[in-house]
Protein chains: 2
Amino acid sequence: MTSLASGESVFTIVLSHGPLTRAQIAGRTGLSAAAVTKAVRPLMAAGYLVEGPGEGSRALGRPATLVRVDAGAAFFVGVKVTGDEIIAVLTDLCCRVRAAARLPLTGRAPERVLPVLTELVRELLTEADGFGVAVRGLGIAVSGDVDVDSAEGMVRYSPFLEWREVPLAGIAGTATGLPVTVENDVRALTVAEQWFGAGVGLDSFALVTVGAGIGCGLVVHGRVVSGAHGVAGELGHVSIDPDGPPCYCGNRGCVEAVAADPAIVRAVREVTGRPVTTPAEALELARAGDRGARQVYAAAGQAIGRAIGSVVNLLGPERVVISGEGLAAYDLFADGIRDAFAAAAFGTAAQCDVVTRPLPFEEWARGAAATAIQSFIGSATSATPVTSKEQSGVHQ
Amino acid sequence: MTSLASGESVFTIVLSHGPLTRAQIAGRTGLSAAAVTKAVRPLMAAGYLVEGPGEGSRALGRPATLVRVDAGAAFFVGVKVTGDEIIAVLTDLCCRVRAAARLPLTGRAPERVLPVLTELVRELLTEADGFGVAVRGLGIAVSGDVDVDSAEGMVRYSPFLEWREVPLAGIAGTATGLPVTVENDVRALTVAEQWFGAGVGLDSFALVTVGAGIGCGLVVHGRVVSGAHGVAGELGHVSIDPDGPPCYCGNRGCVEAVAADPAIVRAVREVTGRPVTTPAEALELARAGDRGARQVYAAAGQAIGRAIGSVVNLLGPERVVISGEGLAAYDLFADGIRDAFAAAAFGTAAQCDVVTRPLPFEEWARGAAATAIQSFIGSATSATPVTSKEQSGVHQ
DNA sequence: TTTCTTTCATTGACGATGGAAAAGAATCCC
DNA sequence: GGGATTCTTTTCCATCGTCAATGAAAGAAA
């Protein structure tokens, strides 16, 4: 019972803020130096943390030793399920991608998806064997409404996959023999950004994803917002224009009905009269200088900027991160986003830092791995640690 | 040093959930029965909590004794500063209003406001003397950007009062001899609702105020959202229509430019051609059946409903409370709000409970008192309690 | 070289906190 | 009166984290 509640916070700090001296850990966590020493010890004994190499570059006094996460102490698999393929990554304990794989889907029904998912996980488990490191958790990210609290990791409703009440964690756990964490995809990506990306150390930020849909992950008071009914961050269905185009949700002028890939493709087709059917074609046309197409992108940028303005006015986050596949067209969006945001942001909320970050699908899968790491840390720091030699099979 | 960190949570639970048995307190707080006994004892010794009267209506077993807050153990003054008057209330420890007073302002400069504020506080202190109870804190609610963290309770910028960098808590504390808490007015009202109103027990809710302006207080993860730069809940400047009327903030189609009192008055004047200058006149005209005026209200209701839809889609709160002076016209808003919200809410977010609550300005002042009680509890439960006889002067 | 200074890290004593389990208390039912 | 039942309190006891003293490892100064 060398358990320490402070263990989790110490580990998390070291994980996201790279190697730190114990004194720095004390400063960041607000714990005393003594408490840090006591919290670090069992984590090092368990093999999750290691000392050095390198030293805190002090001129005077006893040199500090750096504490870092032993990236190779445990591996994790993260999986992102999209409409037509599954992307999986193998990460180390620092959530760095060590291997990646993807497979196309032949259907969206759970019976079609799960064999592919299992196959990918098996592939990455073999990779992990090559490294000689045990995989200690599997994170799965799916779009839609996920009940994180339920033990079976229930996917309550995923419109994109047309799933209802699928106990995904239970099924995947049985199939793979791994402890499974299931999360909404945008929230998983948000967790990854909060721990390892542009949201590190921030008490509040928003992650806006632009692509096939428009999503938004929100962190408030240092925690990801889940919504009382499982729905939150539905930026795509925030309406910004009562006279805008109709959205499949039944409303008009949703951001998604203006700025998501399908909306852009349709608008470009209508405006230019050309048989454009994919985002790539639409983008090509705009890049080639087609006025109509460029205007469609500009309008989409405006819509995104206005939507971000709404988020910022409501929540006043420290930062907004814009990402998603749609970022490929960011040069075409940029002016619209900037202008509309500047017009919409009220008062000091305009000081909010707006940045872009390209996050490919592998990054979403990495987000899923991050949620797996998160729950692994929770169990590892609250249970009696065991050495890495002792443990080999399924964790917990 | 009979200090207990659990004291604060126990006290808060008893405060907002009325009289409870110790067993119920244990259930609500998640503490063990033993811990509750230990936490309650010093609070009762200090006079903040009392037992009975009444019993938990059990049929079998030892009857439970109810624990309640001794409302008369301490009084508080809450003040709401508006553009042309100050409203003040005297409340007991349960935040029930025992006396109220208001005075008009002769100017908005701090030099004009503070004497009036001091005069009102003095008046209510005399009232409190009549009850024989000491006033233990003063809460002041002002619109605008308030730095809660600063020791002097700095009002950084209040556009409405045209204040900049006014160390209000420091000044008011010196003038009144009371410990002072300064908060943004909407956030203060939100705290009051969270503790004593429609937000009791909820982890997340939104409070929308409609009146001279459109405001919004947000509670996420059980805490009021303050915004990284002091700005949050600016629902009034969420734009819902790019072609809407211009707003003084420089943007178009802000909710406030459509649905706040000045906007409604102007619109009614323009539509009907009548010399309407006050919200009351506009309301009268609409109530009299004037088509144009009614349409203005309907459009305002639509705007509010759309804005609430945005909040709900982004945060997925458990409940939305609509309030403010503008509620007087709620019958005219209602259809618009309901329809627009129903159209805007996405998926299960539509399950969000939307309620209305009339909250007059006294209620805002009560919110200010609630923030004072909040900080009083914080200091009272973390410091050595003293009996109410011993203490008489300024607290802490 | 020796000693001082500085800073980091560890240890041990101690207090605060809260839980488990047993005991006590108060009521109803038989 | 003797259970049965439920609420409350007491009595330990484990955990957690701070304080203050100590140790450790360097550079600086004598």
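Please read all numbers here as calculations on a predicted model, not as lab measurements. Protein chains get the first letters and strands the later ones, always in sequence-line order, with residue 1 at the start of each.
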**Q** For a quick check, tell me whether the side chain of A/Lys38 and the base of D/dT18 share a donor-acceptor pair closer than 3.5 Å.
**A**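 By the distance-only test, yes, there is a pair.
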**Q** By the 4.0 Å heavy-atom rule, please label B/Ala33 as base, sugar-phosphate, or nothing.
**A** base
**Q** Between B/Thr181 and B/Thr371, is there a side-chain donor-acceptor contact under 3.5 Å, judged purely by atom types and distance?
**A** no
**Q** Please confirm whether the shortest side-chain N or O distance from B/Thr37 to OP1 or OP2 of D/dT10 is below 4.0 Å.
**A** no
**Q** Can you check the A/Leu60 CG to C/dT7 C1' distance for me, whole Å?
**A**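 Going from A/Leu60 (CG) to C/dT7 (C1'), I get 7 Å.
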**Q** Can you measure B/Leu66 atom CG to D/dC7 atom P for me and round it to whole angstrom units?
**A** 12 Å
**Q** Within this structure, what is the CZ-to-P distance between B/Arg62 and C/dA26, rounded to whole angstrom?
**A** 6 Å
**Q** Below the 4.0 Å mark, does D/dC7 have OP1 or OP2 next to a side-chain nitrogen or oxygen of B/Thr65?
**A**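 No, no such contact exists.
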**Q** If you draw the axis of the six-membered ring of A/Phe131, does the NZ or CZ of A/Arg98 fall within 45° of it and under 6.0 Å from the ring centre?
**A** yes
**Q** Looking at B/Arg22, I'd like to know whether one of its side-chain N or O atoms comes within less than 4.0 Å of OP1 or OP2 on D/dT9.
**A**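 For D/dT9, OP1 or OP2 has a side-chain N or O of B/Arg22 closer than 4.0 Å.
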**Q** Indicate whether the side chain of A/Arg22 and that of A/Thr65 have a donor and an acceptor atom separated by less than 3.5 Å.
**A** yes
**Q** Checking all strands, does B/Ala34 fall into the base, sugar-phosphate, or nothing category for heavy-atom contacts under 4.0 angstrom?
**A**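 B/Ala34: base contact, heavy atoms under 4.0 Å.
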**Q** Just N and O in the side chain of B/Ser32: are any of them under 4.0 Å from OP1 or OP2 of C/dG18?
**A**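 Checking C/dG18 against B/Ser32, no side-chain N or O comes under 4.0 Å of OP1 or OP2.
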**Q** Take the protein atom CG of B/Leu20 and the nucleotide atom P of D/dT8, then report the distance between them rounded to whole Å.
**A** 11 Å
**Q** Counting just side-chain N and O atoms, does B/Arg41 come under 4.0 Å of either OP1 or OP2 of D/dT10?
**A** yes
**Q** Determine whether a donor-acceptor pair (N or O, by modelled atom type, separation under 3.5 Å) exists between the side chain of B/His17 and the backbone of B/Gln24.
**A** no
**Q** Could you check, using the six-membered ring where one of them is a Trp, whether B/Phe75 and B/Phe376 have ring centers closer than 6.0 angstrom?
**A**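 No, they do not, as the ring centres are separated by 6.0 Å or more.
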**Q** Send over the distance from B/Glu51 CD to D/dC7 C1', rounded to a whole Å.
**A** 12 Å
**Q** Send over the distance from B/Ile25 CD1 to D/dC7 C1', rounded to a whole Å.
**A** 12 Å
